[in-house]
Structure formats: structure tokens, C-alpha cells
Protein chains: 2
Amino acid sequence: MQSDTAKEGGTFIERARRAQIVAAASETIAAEGFARASLTRIAARAQISKGVIFYHFGSKDELVRAVVVETYTGAGTEIAKAVEAAPDHGARLAAYIRGNLVFLADHRTEVQVLNEIFTSFRGEDGRLAYDESQLESVVAPLEAVLRAGQEAGELRAFDRRVMARTIRAAIDAVTPQLNLQPDLDVGAYADELVDTFTRATCA
Amino acid sequence: MQSDTAKEGGTFIERARRAQIVAAASETIAAEGFARASLTRIAARAQISKGVIFYHFGSKDELVRAVVVETYTGAGTEIAKAVEAAPDHGARLAAYIRGNLVFLADHRTEVQVLNEIFTSFRGEDGRLAYDESQLESVVAPLEAVLRAGQEAGELRAFDRRVMARTIRAAIDAVTPQLNLQPDLDVGAYADELVDTFTRATCA
DNA sequence: TAGGTTATTGACCATGCAGTCAGACACGGC
DNA sequence: GCCGTGTCTGACTGCATGGTCAATAACCTA
């Protein structure tokens with residue numbers, strides 16, 4: 001039997017194995033892409049029998065979701081901290097952008113794994129398991145920053161939804177470039193984006 | 001035997017079948033996603049035997065590439081026309097953005113198919129067949145527009161590469177939204193983007 | 001209408017997949 | 001030493017996949 005949220009459930013071995021399998025799955029996805037990350041390959045990387053995965057996780061679906069939770073936890077708070085430390089709303093937007101790019105640069109593998117899962121992981125019905133509608137939670141905090149800035153009169157009037165999507169898209173576009181060109185100057189890239197969106201949003 | 005570029009090669013039946021199979025493949029990808037678009041399903045949709053696909057195309061790989069070529073041809077010129085009709089460089093950028101969004105709205109299915117292929121189609125090595133490095137040709141014309149604008153003094157100094165990527169990302173982000181919310185007001189969305197990037201780029 | 005080319009079928013193959021399971025191992029309490 | 005529970009293995013099933021192929025149908029020309 002395995003625990004649901006796994007924070008404290010299960011025996012010592014239970015938790016250790018789950019962590020090991022999740023790590024192996026993450027590594028396999030990063031190294032070979034989601035499409036090639038079969039349970040056979042994941043088990044091989046972890047140097048365990050394939051059956052043990054089914055002992056600790058009910059299905060491949062459950063494993064993948066565990067990888068997402070594991071990888072996602074902590075990312076949001078890290079960026080939120082940077083944003084909240086900023087004084088005015090213009091600076092908050094800048095902090096948001098910079099916080100995101102720094103996170104991308106520091107956690108490229110994890111971000112790549114999440115990207116693989118989000119764009120390839122499909123349910124039985126063939127639809128993406130993590131589609132646009134569920135990514136609402138990613139855009140929402142950014143929209144909140146924009147709204148606050150507008151209400152304070154520091155940012156001009158614009159469609160917050162469109163602007164938030166645009167900024168998110170600009171940030172998300174960095175990952176594949178970083179993947180292709182690992183020595184990309186993320187700081188300079190951030191400066192450009194901050195400049196661009198400051199001009200685009202300020203009153 | 002089948003032709004390579006297929007414009008005029010082969011018999012009448014040859015060309016008709018190829019077109020039919022490409023169409024069926026495109027429909028299947030649009031309806032069920034790339035991952036589920038197996039040759040069996042494609043053949044079923046076209047109401048032909050699976051073997052006939054291998055008679056006209058050497059492999060699934062070749063079929064998919066034919067879909068890309070088929071779908072891609074014409075898109076570039078359509079947008080280029082709109083861009084070249086614009087007077088000054090600021091207007092050119094606006095025309096580029098509007099041209100792209102109009103194209104997205106008018107050809108959602110085709111764009112969705114391309115998107116499916118670009119994000120899921122992998123070679124034997126497990127790497128994306130159409131990755132970031134091969135999408136250079138998409139960003140290049142936009143960079144040219146930006147460069148011309150800067151040299152004419154109409155656009156401020158900025159990193160053209162970053163700006164081009166950002167604009168492309170903003171445009172590409174529309175597709176999944178359109179998919180999720182088919183009645184999205186693309187005209188208004190285009191206005192917002194034009195406003196945003198005009199402010200961001202003008203001298 | 002005969003004969004050769006072109007086009008098509010459906011059965012077949014090897015492979016890889018997610019998932020199952022009977023049995024074996026480890027190990028602590030009795 | 002033995003038992004029971006928790007853990008693990010490796011062989012197995014059933015299925016879908018991309019791809020092959022011999023037989024055959026459709027077609028065109030002579």
C-alpha cells in the first residue's frame with residue numbers, strides 16, 4: 001500500500017523507493033523525452049525491476065503526476081518571494097520576469113521535464129493531461145500583479161489577460177533556447193524583457 | 001514508385017492517393033493528437049488498407065513530413081504579402097502581427113496540426129524532428145523587419161533576437177487559447193498585441 | 001481480348017508497451 | 001527455527017505499433 005500525498009506516509013523504504021523512482025523517471029524524461037520514457041527504461045535507469053514501480057505506484061499515470069508534484073513544489077514560492085520583495089508595481093513586474101528567468105536558468109532540467117510532460121502527457125482520451133485550462137494557476141498571479149499596478153495608476157490600461165499571456169509566453173520561450181544554447185546570457189535576456197514590458201505596460 | 005516533391009510526379013491516381021492520405025493524416029492528427037495518429041487510424045479514416053500508405057510513402061516519417069510541407073506551403077507568402085503592403089516599419093510590424101493572427105484564426109486546424117507535429121514528432125534518436133534550431137526560418141523574416149525599422153530610425157535599439165522571439169512567442173500563444181475558447185475575439189487580441197509591441201519597439 | 005504494369009488488400013511479423021502475478025527474498029517477532 | 005508481513009523479481013499477458021509481403025485486383029495498351 002502506498003500513501004497518497006507521500007509526505008510522511010509509508011515506511012522508510014517506501015518513501016526512499018518512491019523518491020528514487022520519481023527521480024529516475026524525471027531523469028529519463030529529461031534525457032530521452034517523454035515519449036521514450038517507458039516504464040522499462042525508467043526501471044532500467046533506477047536499476048530495479050519494472051514490477052516494483054507498480055508496487056509503489058498504481059500506474060504510470062500516477063508516477064508521472066508524482067513527478068509533476070515533486071518538481072512543481074517550491075517553484076511558485078521561490079518566485080513569489082522575489083516579487084513580494086519589490087517596492088512599486090513596475091518593479092514587481094520586473095521582479096516577476098527576472099525571478100522567472102533566474103529560476104529557469106537555475107533549474108533547467110526540472111523545467112525541461114515539466115515542459116515535456118505538459119506538452120506530451122495525454123490521458124486515455126488522447127487529450128493533454130495538463131492543458132491550457134489547468135495552467136490558469138500559472139497566469140493568475142501575474143494577472144494579479146498587473147491589476148494591482150493598474151489600480152495604483154502605475155500601469156496603463158490594457159487587457160490584463162492578453163498581457164499576462166504575452167509575458168508568460170515570452171518567459172516560456174526562453175526554455176527551448178536555453179536548451180539549444182546553454183551558455184545563453186540569461187541576465188541580459190532578462191534585461192531586454194524587462195525593458196520591453198516596462199515600456200509596454202507603464203502609464 | 002513515388003515522386004519526391006510530388007508537384008507533378010506520378011500518375012493521376014498516385015497524386016490523388018497521396019493527397020487523400022495526407023489529408024487523412026492531417027485530420028487524424030487534428031482530431032486525436034499526434035500521439036494517437038497511428039497508421040492504422042489514418043488508414044481507417046481514409047478507408048483504405050494500411051499497406052497502401054507504404055506503397056505511396058516509404059514510411060510514417062515521410063508521410064508526416066509531407067503533411068508539414070503541404071500545410072506549410074502558402075502560409076509564409078500569405079503573411080509576407082500583408083507585411084510588404086505596409087508603408088513604414090512600425091506599420092510593418094503591426095501588419096506582421098495582424099497577418100499572423102488572421103492566419104491563425106482562418107486556418108486553426110492546419111496550425112493545430114503543425115503545432116502537434118512540431119511538439120510531438122520525434123526521430124529515432126528521440127529528439128524532436130522539428131526543433132527550435134530548424135524554426136530559424138520562422139524568426140528570420142521578423143528579425144529582418146525589426147532590423148529595417150531600427151536602421152530607418154523608426155524603432156529603438158533593442159536585441160532583435162530577443163524581441164523577435166518574444167513577438168513570435170506572443171503570437172504562438174494564441175493557438176492554444178483559440179483551441180480552448182473558439183469564439184475568442186482575434187481582432188481585439190491583435191489590437192492589444194500591436195499596441196503592446198508598438199510601445200515596446202518604437203523610438 | 002491478352003499481357004504487363006500499377007495499385008491494393010489483408011494477413012502477417014517483430015518489437016515495445018503498460019500492466020499482472022506467482023513465487024522468492026529479507027527480516028523482525030515469537 | 002519458523003512464521004508473517006513487507007518488498008522485490010522476472011517471466012508472462014494482451015495489445016498496439018510500424019512495417020512487410022505474397023496474392024490479387026484494376027487499369028492501360030497492344
Side-chain angles (χ1 to χ4, degrees), chain A residues 1-3 6 8-22 24-25 28-29 31-67 116-117 120-126 129, chain B residues 1-3 6 8-22 24-25 28-29 31-67 116-117 120-126 129:
Chain A
M1 261 155 256
Q2 66 272 13
S3 62
E8 264 303 321
T11 65
F12 170 77
I13 288 179
E14 172 84 33
R15 275 176 283 132
R17 269 277 188 255
R18 279 183 67 104
Q20 180 202 16
I21 294 168
V22 165
T28 307
I29 292 170
E32 315 206 42
F34 184 83
R36 297 207 150 200
S38 68
L39 294 179
T40 303
R41 274 184 233 260
I42 292 169
R45 190 173 288 260
Q47 298 193 80
I48 55 173
S49 170
K50 198 178 57 169
V52 77
I53 295 179
F54 289 95
Y55 181 79
H56 294 282
F57 300 87
S59 64
K60 185 182 185 181
D61 199 279
E62 212 178 289
L63 207 207
V64 174
R65 289 179 192 280
V67 171
E116 279 286 331
I117 294 174
S120 295
F121 182 36
R122 299 180 121 92
E124 291 177 24
D125 56 356
Chain B
M1 262 156 254
Q2 66 272 15
S3 63
E8 264 303 321
T11 65
F12 172 77
I13 287 179
E14 171 83 35
R15 275 177 282 133
R17 269 277 187 256
R18 279 184 67 104
Q20 180 203 15
I21 293 169
V22 165
T28 307
I29 292 170
E32 315 206 44
F34 184 82
R36 296 208 152 199
S38 67
L39 293 178
T40 303
R41 274 186 235 260
I42 292 169
R45 189 173 288 261
Q47 297 192 83
I48 56 173
S49 171
K50 198 178 58 169
V52 79
I53 295 178
F54 289 95
Y55 181 77
H56 293 283
F57 301 88
S59 63
K60 186 184 185 181
D61 198 279
E62 211 178 291
L63 208 207
V64 175
R65 289 179 191 279
V67 172
E116 280 285 334
I117 294 174
S120 294
F121 181 37
R122 299 181 122 92
E124 292 177 24
D125 56 355

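To find a chain, count down the sequence lines: A is the first, B the second, and so on, and within it residues start at 1.
- We find that CD1 of I42(A) is positioned 14 Å from C1' of dG16(C), with the value rounded to whole Å.
- For the atom pair CZ of R36(B) and CD of E124(A), the computed distance is 8.0 Å after rounding to the nearest 0.5 Å.
- The nearest heavy atom of DNA chain C to A37(A) and to G51(A) marks one nucleotide each, and the one closer to the 5' end goes with A37(A).
- Between the P atom of dG18(D) and the CZ atom of F121(B) lies a distance of 11 Å, rounded to the nearest Å.
- Between dG10(D), dC8(D), dT9(C), one nucleotide has an atom nearer to the side chain of I48(B) than all others, and that is dT9(C).
- Between Y55(A) and dT7(D), a side-chain N or O to OP1/OP2 separation shorter than 4.0 Å is present.
- Spacing between atom CZ of F57(A) and atom P of dT20(C) amounts to 16 Å, rounded to whole angstrom units.
- Here R36(B) lies out of heavy-atom contact (under 4.0 Å) with every strand.
- The nearest whole Å value for the distance from the CD atom in E124(A) to the P atom in dG19(C) is 9 Å.
- In this structure, L63(A) places its CG atom 10 Å from P of dG19(C), rounding to the nearest Å.
- In this structure, the CD atom of Q47(A) is 12 Å from the P atom of dG10(D), given to the nearest Å.
- At a cut-off of 3.5 angstrom, the base of dG19(D) holds at least one donor-acceptor pair with the side chain of K50(B).
- If you take CD1 of I53(B) and P of dT8(C), they are 12 Å apart, rounded to a whole angstrom.
- Under a 3.5 Å cut-off, the side chain of S38(B) and the backbone N or O of R41(B) do form a donor-acceptor pair.
- With dG18(D), dA18(C), dT8(C) as the candidates, the nucleotide lying closest to the side chain of L39(A) is dA18(C).
- OP1 or OP2 of dT8(C) has at least one side-chain nitrogen or oxygen of H56(B) nearer than 4.0 Å.
- Separating the CD1 atom in I53(A) from the OG1 atom in T40(A) is a distance of 8.0 Å, to the nearest 0.5 Å.
- Of the possible donor and acceptor atoms, one in the side chain of E116(B) sits under 3.5 Å from a partner among the backbone N and O of F34(B).
- Contact annotation: side chain of S38(A) to base of dG16(C), donor-acceptor pair absent below 3.5 Å.
- Judged by closest nucleotide on DNA chain C, R17(B) is the one of R17(B) and K60(A) placed further toward the 5' end.
- When the P atom of dG16(C) is taken as reference, atom CD of E32(A) falls 13 Å away, rounded to whole Å.
- Nearest heavy atoms, R65(A) versus A129(A): NH2-CB, 3.9 Å.
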